[in-house]
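We name chains A, B, ... by the order of the sequence lines, and we start the count at 1 in each one.
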2 protein chains.
Amino acid sequence: MKKAEATRLNILEKAFELIYVKGYQTTSVDDIIATTEVTKGAFYYHFKNKDEMGVAIINELLKPSLTTSFIDPLLNDSDPLDAIYNLIHNLLIDNEFLKVEYGCPASNLTHEMTPWNADFHHALNDLTQQWIKTMAGAIENGKRNGHVRTNVDPLQATMFVMSGYWGIRNFGKLENSKKVYFPFLKELRNYLDSLR
Amino acid sequence: MKKAEATRLNILEKAFELIYVKGYQTTSVDDIIATTEVTKGAFYYHFKNKDEMGVAIINELLKPSLTTSFIDPLLNDSDPLDAIYNLIHNLLIDNEFLKVEYGCPASNLTHEMTPWNADFHHALNDLTQQWIKTMAGAIENGKRNGHVRTNVDPLQATMFVMSGYWGIRNFGKLENSKKVYFPFLKELRNYLDSLR
DNA sequence: GCAAAAACATACCAACTAGTATGTTTTTGA
DNA sequence: TCAAAAACATACTAGTTGGTATGTTTTTGC
């Protein structure tokens with residue numbers, strides 16, 4: 001990787017971690033350049049302004065990680081309901097980057113930025129639509145394979161599961177402990193079994 | 001009501017609306033006093049600082065509205081599953097204060113403030129625990145009345161439903177239309193029926 | 001090897017932030 | 001009625017914000 005590219009990537013990664021913990025609005029450009037140890041000149045050479053950097057985080061960091069962590073696990077599993085449960089379980093319990101007290105980065109940004117920044121809105125919507133499509137597709141396949149009842153509506157079920165995931169992330173922030181995830185996961189299991 | 005009390009309440013209400021739309025951090029004290037048409041002297045006479053006002057909003061505005069809008073509907077209905085469905089439906093579709101593009105005020109504040117402000121954290125946790133207790137109690141009653149299967153775990157089901165509510169509020173922000181609420185509500189109905 | 005462009009550094013600024021110091025006006029209670 | 005306290009008003013400040021103007025250094029391509 002070229003040095004300039006590395007600088008840019010470094011800014012994005014450090015900024016992402018700060019924003020994940022502190023929120024976008026309360027993470028200042030000065031914060032970012034302090035932790036990355038680059039100067040303002042470098043920052044504004046790579047990004048027109050702070051918002052452009054924010055959108056770059058979504059498109060260049062969140063999007064790829066969505067693919068590997070949220071999409072791929074749903075693609076090649078034979079039983080989609082097991083795949084969905086395992087995915088959510090992994091995200092909530094095993095994933096060591098996502099912290100219970102800071103929630104889900106995509107959800108955080110949606111809450112904070114979507115109502116009044118069109119670029120963030122668009123980038124985050126892209127992200128979400130991809131996840132919806134994949135999960136609904138997996139359930140649709142499950143219907144054909146006999147893993148899922150034929151009268152299940154894939155999109156409805158997808159929206160329901162994803163809402164649950166985002167919502168339990170909110171609970172996690174309140175309780176500040178992964179303990180709250182377990183009753184949720186048990187009931188998710190029950191719900192998914194009711195689709196068989 | 002005394003005039004001073006009215007001033008204080010006016011500040012709280014206007015500030016709440018601003019914060020609901022713009023977020024807490026990005027709503028400045030100057031914003032608040034501009035829309036309330038009181039001066040800084042009045043503001044800082046009634047509140048020690050901005051955070052104290054924020055917590056007052058939770059305790060003096062959100063808490064009472066929680067009781068009437070989130071708690072009471074769950075208390076005297078004979079069928080708790082119907083009561084839950086109707087509650088969520090009302091909140092999502094009929095409630096005219098809550099806007100799809102701005103989500104749920106309590107959820108917004110939780111996302112924004114909980115990880116790093118202990119007072120907000122505490123006040124919001126109080127709020128949530130009340131809702132959990134009520135909903136779980138209603139389901140527990142339903143088990144005794146035969147409206148709910150005896151092997152249903154009330155707390156698990158409560159966490160699952162509430163997570164779904166908070167999560168779909170996130171979706172609403174992304175889609176900016178109540179249309180997304182309908183598939184969620186349909187699947188919520190399915191899920192609740194599976195508890196019978 | 002060397003000019004041009006890319007990459008980065010430094011110093012600055014105007015706007016905004018929460019909060020305060022010091023007033024003036026209004027209300028209260030004896 | 002009248003002084004004291006409550007309620008509000010005005011002017012200010014120190015710190016922070018995103019962003020820019022103007023440099024210097026490093027890399028690139030011929």
Sugar-phosphate, base or nothing in reach of N49(A), heavy atoms under 4.0 Å: sugar-phosphate

Phosphate OP1/OP2 of dG19(C) contacted by Y44(B) side-chain N/O (<4.0 Å): yes

Euclidean distance, atom NZ of residue K50(B) to atom C1' of dT20(C) [Å, nearest integer]: 17 Å

Spacing between D30(B) atom CG and dT16(D) atom C1', to the nearest angstrom: 14 Å

Rounded distance (Å) that lies between atom C1' of dT17(D) and atom CD1 of I33(A): 12 Å

base_contact_polar (dG19(C) base, K40(B) side chain, donor-acceptor, <3.5 Å): yes

Rounded distance (Å) that lies between atom C1' of dT17(C) and atom CD1 of I32(B): 12 Å

Closest to the V29(A) side chain, choosing from dC8(D), dG18(D), dA9(C): dG18(D)

Among dA9(D), dG18(D), dC8(C), the one nearest A4(A) by side-chain distance: dC8(C)

dT17(D) phosphate, OP1 or OP2, under 4.0 Å from S28(A) side-chain N/O: yes

Sugar-phosphate, base or nothing in reach of T27(A), heavy atoms under 4.0 Å: sugar-phosphate

Electrostatic pair K178(A):D94(A) at N-O distance under 4.0 angstrom: no

Selected nucleotide, minimal atom distance to T39(B) side chain, candidates dC8(D), dG19(C), dC8(C): dC8(D)

Donor-acceptor contact present, side-chain N108(B) to main-chain Y102(B), <3.5 Å: yes

Polar side chain donor-acceptor pair, E187(B) to N190(B), under 3.5 angstrom: yes

Whole-Å gap separating P (dC8(D)) and CZ (R8(B)): 12 Å

5'-most by nearest nucleotide on DNA chain D - K48(A) or D31(A): D31(A)

Distance-only donor-acceptor check, side chains Y24(B) and D51(B), under 3.5 Å: yes

From dC8(D), dC8(C), dA11(C), nucleotide with atom closest to T7(B) side chain: dC8(D)

Whole angstrom value for the distance that separates P of dC8(D) from CD1 of I11(B): 8 Å

side-chain N/O H46(A) vs dA6(C) OP1/OP2, d < 4.0 Å: no

Value in whole Å for how far the C1' atom of dT17(C) lies from NZ of K22(B): 12 Å

Rounded interatomic separation in angstrom, taking CD from E5(B) and P from dC8(D): 11 Å

Same apolar cluster: I71(A) and M135(A), side chain cutoff 4.5 Å: yes

